[in-house]
Amino acid sequence: MVVLAGSPAVDHIPLLRSPDPGDNFSGMPVVDLSSPGAPRAIADACERFGFFKLVNHGVPADTMDRLESEAVRFFSLPQADKDRSGPAYPFGYGSKRIGLNGDMGWLEYLLLAVDAASLSAACAVPSCALFRAALNEYIAAVRKVAVRVMEAMAEGLGIAPVDALSAMVTAEGSDQVFRVNHYPPCHALQGLGCSATGFGEHTDPQLISVLRSNGTSGLQIALQNGQWVSVPSDRDAFFVNVGDSLQVLTNGRFKSVKHRVVANSLKSRVSMIYFGGPAMTQRIAPLPQLLGAGEQSLYKDFTWGEYKKAAYNSRLGDNRLAHFHR
Ligand code: GA4
């Protein structure tokens, strides 16, 4: 752990070498959801990177902007007010601590439960009616995008029915999570040649994650060869990640992408992410339609409930799927 003298605020936050500006993800796949070629382009990107940028997704800029302004307003409240919306687990406001096993990042966030297509009624946070309305409008819209993308994935993989993947997320009792992250600028590190870890490297346990951020960069993904590349921000686009469960459902054809967020020394980053997971009892195993003659599953059989429990008992950077390999 690096500790900077005179900067107690960043104590305990792991530091990273500043990304080389030349390491932008130059080959990033950009998929136009309105184009007839989208299914093939999505499947191709998920096989090569487990990640792509999505444009022409149909979600109005207003819906995204309204949620961003409400989030900015919330995170500008006095610390004591925000703490009243905590703790983060199972759902609520959290700061710097990620998960329950000692991971730390330079961020504050809201972790929220989604029921069907809106905030779960059981989730009392946030209490502000305008913020809740903006969240509900955005969640309904982003979930529709996630469903369209999963349908396109099935089509791109050449499997039927078209809802073979999306039905797991739209099913009654599906486990959907929403998070709003705020990465404040980390002034203490300005000019020092290193950056604070906003959110340490990890893969997402669910099927799919759909992220939207403001215009501040920070997201990085690991390519298959282990090289980290920075994803230039685009407030009009979504960024889609393949999660561990989708890697298993496709028997390793789609890759669960390792990613992380680096805090900016000058500007705030705000991101909102929808995580589509299945019902607790859903069996996670390769879809029979995808297994070739004689092809065996690469993974042991498990349910989403079992995987989630193992994930929440792990450290952020652990290779969680390794324990489920045959
Ligand atoms: C990563 C994806 C989602 O943000 C999340 C995260 C969760 C958390 O922040 O509580 C986890 C992380 C995520 C995977 C491993 C465990 C659980 C933190 C952590 C150390 C909400 C999720 O579902 O899994």
Side-chain angles (χ1 to χ4, degrees), residues 12-14 50-51 71 85-115 119-120 122-123 125 135 139 142-143 146 168-169 173-183 197-213 218-222 231 238-248 255-263 269-280 282 284 302-324:
H12 310 299
I13 306 285
F51 179 86
S85 294
Y89 295 94
F91 295 107
Y93 171 80
S95 174
K96 297 201 178 80
R97 293 176 198 286
I98 300 170
L100 300 164
N101 303 307
D103 289 291
M104 304 281 280
W106 187 255
L107 87 163
E108 55 180 344
Y109 59 91
L110 280 166
L111 199 54
L112 305 168
V114 172
D115 202 1
L119 267 187
S120 159
C123 208
V125 165
L135 279 160
I139 289 169
V142 73
R143 184 179 183 262
M168 295 193 192
V169 167
S174 65
D175 185 26
Q176 308 168 84
V177 178
F178 193 73
R179 80 181 298 153
V180 187
N181 291 326
H182 172 224
Y183 300 91
T197 301
F199 208 109
E201 65 175 79
H202 66 286
T203 59
D204 293 340
Q206 295 83 356
L207 272 76
I208 190 172
S209 318
V210 182
L211 174 145
R212 188 264 176 183
S213 74
L219 177 64
Q220 303 185 336
I221 70 156
V231 176
F238 287 122
F239 294 91
V240 179
N241 282 356
V242 170
D244 296 344
S245 298
L246 187 52
Q247 176 170 320
V248 175
K255 305 289 186 298
S256 172
V257 64
K258 210 192 272 180
H259 56 288
R260 66 186 183 192
V261 176
V262 177
R269 174 178 164 92
V270 177
S271 63
M272 34 240 204
I273 312 141
Y274 165 85
F275 299 95
M280 288 299 179
Q282 173 67 51
I284 308 292
F302 58 88
T303 62
W304 167 245
E306 287 163 346
Y307 193 68
K308 186 173 184 184
K309 189 167 168 220
Y312 277 71
N313 282 327
S314 67
R315 292 293 299 258
L316 194 54
D318 288 350
N319 181 350
R320 285 172 275 282
L321 262 189
H323 303 289
F324 292 85

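Atoms considered below: every heavy atom in the structure, side chains included; atoms not considered: hydrogens, waters and symmetry mates. When a ligand or atom number is given, it counts from 1 through the structure's own listing order.
The two residues Ser209 and Ile273 come nearest to each other via the heavy atoms CB-CG2, 4.1 Å. Among all heavy-atom pairs drawn from Leu219 and Arg269, the shortest one is CB-NH2, 3.7 Å.
The 4.0 Å heavy-atom shell around ligand 1 contains residues Tyr89, Ile98, Gly99, Asp103, Leu111, Arg179, His202, Asp204, Pro205, Gln206, Phe275, Ala311, Tyr312, Ser314, Leu316, Arg320, ordered by chain and number.
The aromatic rings of His202 and His259 sit tilted, their planes meeting at an angle between 30° and 60°.
Here the straight-line distance linking atom CH2 of Trp304 with atom CG of Asp244 works out to 8.0 Å at 0.5 Å rounding. Once rounded to the nearest 0.5 Å, the distance linking CG of Leu246 with CG of Asp204 reads 11.5 Å.
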query: Between Leu119 and Phe178, does a side chain to side chain contact (heavy atoms under 4.5 Å, CB included) hold up when you go through it step by step?
result: CA-CA 8 Å; Leu119 267 187; Phe178 193 73; 5.8 Å; no
